[in-house]
Q: 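Here's a structure for you.
Counting begins at 1 with the first residue of the sequence.
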Amino acid sequence: MSTPSSDPLAALGSLPGVPDAVDSVRKAVDRVYGHRVMRRRSNEVTAEAALRGARGSAALAGADWNLEEVRRRTDFSGDPEARTVGAALRLTAEAGQLLSIWRQSPLRVLARLHLVAAGGAAPDDAVGRPRFAGEPVEEPLIEAPLPDADEVAGRLDGLAGLVLAGSEAPALVTASIVHGELLALRPFSSHNGLVARTAERIVLIGSGLDPKSVCPAEVGHAEQGRAAYIKAFEGYLSGTPEGMAAWITHCGRAVELGVRESTAVCEALQRGAA
């Protein structure tokens with residue numbers, strides 16, 4: 001993650017292809033926010049985006065349920081897939097409540113997200129804290145080498161420092177780096193992918209790019225597929241300019257697909273009101 005710039009996130013924003021991705025995302029977000037339904041029924045769009053975002057994040061974690069099944073189900077305490085979907089739903093509901101804390105203490109928010117995701121499913125002493133040396137990690141999607149506990153602690157502090165210092169970087173860049181770094185570290189004993197994607201959502205909301213949380217990037221990540229997600233993440237892990245740019249543009253495309261999903265929701269609400 002290190003670059004020669006005093007603002008490393010801003011430096012990443014100038015990588016080839018990234019400015020175009022940032023511009024494309026900005027235009028897409030502006031379009032959905034300009035939809036006439038958003039003036040009167042934005043709360044409904046937000047609620048639907050949360051549901052669809054949770055479904056998408058859970059799908060990447062191995063619980064690829066039909067949207068209507070997610071909508072219908074009330075008990076998520078059964079098999080592992082149900083617990084994964086329940087964790088994703090809880091995280092999406094929690095994200096909007098943590099914005100002010102994120103700006104002051106990102107690590108506290110990450111601990112809270114893991115606590116919410118675990119929901120009693122993990123051993124109590126492993127919940128809400130970075131893993132200790134030798135502790136196993138359950139992450140069904142990411143098979144990259146696991147950093148040791150000391151490296152995790154140092155890089156988490158570095159990530160928090162970047163967030164607290166602020167940056168001139170576009171929201172897409174910051175959100176992508178937060179997401180990618182948490183996937184790379186897998187700092188908790190479980191639910192790291194769900195937590196990483198929720199942190200991305202928090203950055204996009206808190207930055208002002210998507211203040212009403214109607215652009216669920218999780219939908220786009222799932223729509224592009226697990227193979228594409230892993231390939232783009234490998235670019236992040238490489239640390240090369242090309243790899244980092246590929247990851248950021250992949251995340252940008254995910255936001256655009258999330259916008260498309262919410263635009264369809266707006267259109268459906270408009271037809272129903274007509």
Q: How close do Val219 and Gly258 get, counting heavy atoms only, and between which atoms?
A: CB-CA, 4.4 Å

Q: Rounded to the nearest 0.5 Å, what separates atom NE2 in His221 from atom CG in Leu257?
A: 10.0 Å

Q: About how many Å separate CZ of Arg131 and CG of Asn192, when rounded to the nearest 0.5 Å?
A: 7.5 Å

Q: Looking only at the side chains, is there a donor atom on one of Glu256 and Ser24 sitting less than 3.5 Å from an acceptor on the other?
A: yes

Q: How long is the straight-line distance from OH of Tyr236 back to CD of Glu181, given to the nearest 0.5 Å?
A: 3.5 Å

Q: We want to know whether Glu267 and His35 form a side-chain donor-acceptor pair, criterion being a heavy-atom distance below 3.5 angstrom.
A: yes

Q: State whether a side-chain donor-acceptor pair under 3.5 Å links Thr263 with Arg31.
A: no

Q: Using a 3.5 Å distance criterion without hydrogens, assess whether the side chain of Thr174 forms a donor-acceptor pair with backbone atoms of Ala171.
A: no

Q: Please check if any side-chain donor atom of Glu138 sits under 3.5 Å from a side-chain acceptor atom of His191, or the reverse.
A: no

Q: Determine yes or no for a side-chain-to-main-chain donor-acceptor pair under 3.5 angstrom, with Arg55 supplying the side chain and Arg71 the backbone.
A: no

Q: Taking atom CZ of Arg108 as the centre, does the number of heavy atoms from other residues, nucleotides or ligands within less than 6.0 Å exceed 12?
A: no

Q: Quick check against the 3.5 Å criterion: does Ser105 have a side-chain atom that pairs as donor or acceptor with the backbone of Ile101?
A: no

Q: Got a second to check how far His114's NE2 is from Ser189's OG, nearest 0.5 Å?
A: 4.0 Å

Q: I'd like to know if the side chain of Asp210 reaches the main chain of Cys215, judged simply by a donor and an acceptor atom lying under 3.5 Å from each other, with no hydrogens or angles considered.
A: yes

Q: Output the distance between atom CZ (Arg253) and atom CD (Gln224), rounded to the nearest 0.5 Å.
A: 6.5 Å

Q: Working to the nearest 0.5 Å, report the span between CD of Glu218 and CG of Leu194.
A: 9.5 Å

Q: Has Thr46 got a side-chain atom pairing as donor or acceptor with Lys212's backbone, closer than 3.5 angstrom?
A: yes

Q: Report yes or no: do Tyr229 and Arg197 form a side-chain donor-acceptor pair below 3.5 Å?
A: yes

Q: Do His179 and His250 make the cut of ring centroids closer than 6.0 angstrom?
A: no

Q: Give a yes or no on whether the backbone of Asp64 and the side-chain of Glu81 come within a donor-acceptor separation of less than 3.5 Å.
A: no

Q: Whether the side chain of Trp102 engages the backbone of Val109 through a donor-acceptor N/O pair (distance < 3.5 Å, no angle test) should be reported.
A: no

